[in-house]
Amino acid sequence: MSKILKAKKTFEEAGFTFEDIRRMSKCSIKQIYHALRGSFNKVSWKRLVCRNAGCPRWTFTLTIAAHGKLYTKDRLSKWGVKVDQMCVLCTKENETVQHLFFECSFAAKLWGNLLQWQGINRIVYGWNEELAWAEDWVKRQNANTELYKMTLAACVYHVWQERNARIFEEKERKWEMLGKRIIQEIHCRSNKRVEKALGRLDW
């Protein structure tokens with residue numbers, strides 16, 4: 001009896017009335033699942049993180065950044081946490097996602113260098129503009145765009161790690177060192193498709 005009542009409750013949560021249940025000749029688990037889950041709008045930047053050949057922690061950090069959920073200083077301040085708002089990477093502007101990726105002079109130099117390494121000749125934008133450009137760029141789906149997705153994820157991850165290292169560990173590295181490390185890690189993690197693009201680039 002308890003199972004019947006539980007099933008009835010599940011149907012009701014999915015939006016079915018008692019009359020709907022009574023008239024059912026067959027039941028679709030898929031239909032009930034989608035009704036319980038609800039509808040979600042697809043994010044515009046899904047191509048950047050889906051099937052990204054980069055390290056899982058890179059794509060995870062990129063996903064959190066794209067959602068605007070990184071614990072940047074401006075977010076912490078909104079929650080009532082008293083923190084120094086200054087960006088620890090450039091010490092010139094307040095820290096926000098838009099600034100950190102890549103209006104900050106430290107991050108801008110790093111990302112600009114990585115863009116040039118890939119053969120992409122353009123200026124470095126702030127985060128919202130970078131995402132919009134990246135969303136359009138990866139629609140091409142070739143070796144170059146696969147490499148770009150990896151590089152973007154790696155850069156976002158390492159900029160965030162460098163920011164944390166300076167705040168919590170008082171350790172500091174130059175952007176040139178981070179750039180070399182990112183390129184080396186991409187070479188180590190590349191797949192056959194990405195290797196086609198890497199073949200024309202140096203280390």
Side-chain angles (χ1 to χ4, degrees), residues 40-72 75 87 89-90 95-166 173-203:
F40 298 93
N41 295 326
K42 292 182 179 180
V43 292
S44 56
W45 41 264
K46 66 174 183 176
R47 292 177 185 270
L48 294 174
V49 295
C50 293
R51 296 181 181 177
N52 190 317
C55 182
R57 61 177 178 266
W58 300 354
T59 54
F60 176 77
T61 305
L62 176 60
T63 302
I64 300 300
H67 269 300
K69 300 297 184 182
L70 284 177
Y71 291 162
T72 48
R75 290 196 76 212
C87 172
L89 299 181
C90 68
E95 182 186 277
T96 64
V97 171
Q98 178 73 9
H99 170 76
L100 201 56
F101 313 112
F102 296 98
E103 292 177 356
C104 168
S105 57
F106 176 94
K109 288 175 183 176
L110 173 61
W111 182 233
N113 183 262
L114 291 172
L115 286 174
Q116 289 181 358
W117 172 67
Q118 296 173 81
I120 301 173
N121 298 311
R122 65 165 176 82
I123 62 172
V124 175
Y125 307 121
W127 183 237
N128 294 330
E129 296 77 18
E130 281 289 344
L131 270 185
W133 189 91
E135 289 162 14
D136 184 63
W137 177 256
V138 298
K139 289 177 182 177
R140 307 180 189 195
Q141 294 185 343
N142 54 40
N144 292 331
T145 58
E146 291 298 316
L147 173 60
Y148 175 86
K149 291 196 300 184
M150 285 183 70
T151 309
L152 177 62
C155 187
V156 168
Y157 171 79
H158 281 284
V159 167
W160 184 247
Q161 289 298 306
E162 178 64 18
R163 176 258 192 199
N164 290 339
R166 293 191 182 194
R173 292 174 295 180
K174 295 182 178 180
W175 68 264
E176 293 91 343
M177 185 183 296
L178 284 182
K180 289 179 181 179
R181 181 171 180 177
I182 288 170
I183 291 171
Q184 289 172 351
E185 289 183 359
I186 287 172
H187 273 278
C188 292
R189 293 197 61 86
S190 64
N191 54 34
K192 290 183 179 180
R193 189 172 185 183
V194 175
E195 283 175 1
K196 293 179 181 179
L198 287 174
R200 60 181 176 80
L201 306 176
D202 58 32
W203 284 70

Can you find a heavy atom in the side chain of Ile182 that is under 4.5 Å from one in the side chain of Leu110?
yes

Hits for salt bridge (charged side-chain N to carboxylate O under 4.0 Å, His left out) against Arg173, two or more places apart or cross-chain, chain-then-number order -> Glu162

Looking at every heavy atom in both Val194 and Met150, which two are closest together, and how far apart are they?
CG2-SD, 3.9 Å

Kindly write out the residues that satisfy side chain to side chain contact (heavy atoms under 4.5 Å, CB included) with Asn113, not counting sequence neighbours, or none if the list is empty.
Trp175

Does any pair with a residue in residues 96-110 pass side-chain hydrogen bond (donor to acceptor under 3.5 Å, both in side chains), and if so which ones, sequence neighbours excluded?
Gln98-Glu103, Gln98-Asn128, Gln98-Glu129

Show your reasoning for whether side chain to side chain contact (heavy atoms under 4.5 Å, CB included) applies to Phe102 and Leu115.
CA-CA 12 Å; Phe102 296 98; Leu115 286 174; over 6 Å; no

Sequence neighbours excluded, the answer for ring-ring contact (aromatic ring centres under 6.0 Å, His included) partners of Phe60 is none

Which atom of Cys87 lies closest to which atom of Leu100, heavy atoms considered
SG-CD1, 4.3 Å

Are any of the side-chain heavy atoms of Ile183 and Leu114 separated by less than 4.5 Å?
yes

Kindly say whether the aromatic ring centers of Phe106 and Trp111 come within a distance under 6.0 Å.
no

Counting only pairs under 3.5 Å, give me each side-chain donor-acceptor contact of residues 52-59, with atom names and distances, residues two or more places apart or in other chains.
residue, atom, partner, partner atom, Å
Asn52, OD1, Gly54, N, 2.8
Asn52, ND2, Leu48, O, 2.9
Asn52, ND2, Lys149, O, 3.1
Arg57, NE, Tyr157, OH, 3.1
Thr59, OG1, Pro56, O, 2.9

With sequence neighbours excluded, what pairs up with Trp160 under the ring-ring contact (aromatic ring centres under 6.0 Å, His included) test?
none

According to salt bridge (Lys or Arg N to Asp or Glu O under 4.0 Å), does anything in residues 111-122 pair up with another residue at least two apart or in another chain? List the pairs.
Arg122-Glu130

Under the rule for side chain to side chain contact (heavy atoms under 4.5 Å, CB included), what residues qualify as partners of Gln116, not counting sequence neighbours?
none

Taking the side chain as everything from C-beta on, heavy atoms only, tell me whether Val138 gets closer than 4.5 Å to Trp45.
no

Output the distance between atom CH2 (Trp137) and atom OG1 (Thr145), rounded to the nearest 0.5 Å.
8.0 Å

Glu135 meets the side chain to side chain donor-acceptor pair (under 3.5 Å) criterion, sequence neighbours left out, with Ser44

Provide the closest heavy-atom pair for Arg200 versus Asn144 in the form atom of the first, atom of the second, distance.
NH2-OD1, 2.8 Å

For Arg193, enumerate each residue passing the side chain to side chain donor-acceptor pair (under 3.5 Å) test, keeping only those at least two apart in sequence or located in another chain.
none

Considering only heavy atoms from C-beta outward, does the side chain of Gln141 approach that of Arg47 to under 4.5 Å?
yes

Does some side-chain heavy atom of Phe101 sit less than 4.5 Å from a side-chain heavy atom of Leu70?
yes

Does any part of the side chain of Trp133, heavy atoms only, come nearer than 4.5 Å to the side chain of Ile120, both counted from C-beta?
yes

In short, salt bridge (Lys or Arg N to Asp or Glu O under 4.0 Å) pairs touching residues 183-192 with sequence neighbours left out are Arg181-Glu185

Counting C-beta onward and ignoring hydrogens, is there a side-chain heavy-atom pair between His187 and Glu195 closer than 4.5 Å?
no

Mind listing the closest non-hydrogen atom pair of Leu147 and Ala197 along with its distance?
CD2-CB, 4.0 Å

The criterion is salt bridge (charged side-chain N to carboxylate O under 4.0 Å, His left out); which residues satisfy it with Arg163, sequence neighbours excluded?
Glu95

What is the distance from atom CZ of Arg51 to atom NZ of Lys46, rounded to the nearest 0.5 Å?
10.5 Å

Value for CD (Gln161) from OG1 (Thr61), rounded to nearest 0.5 Å, stands at 6.5 Å

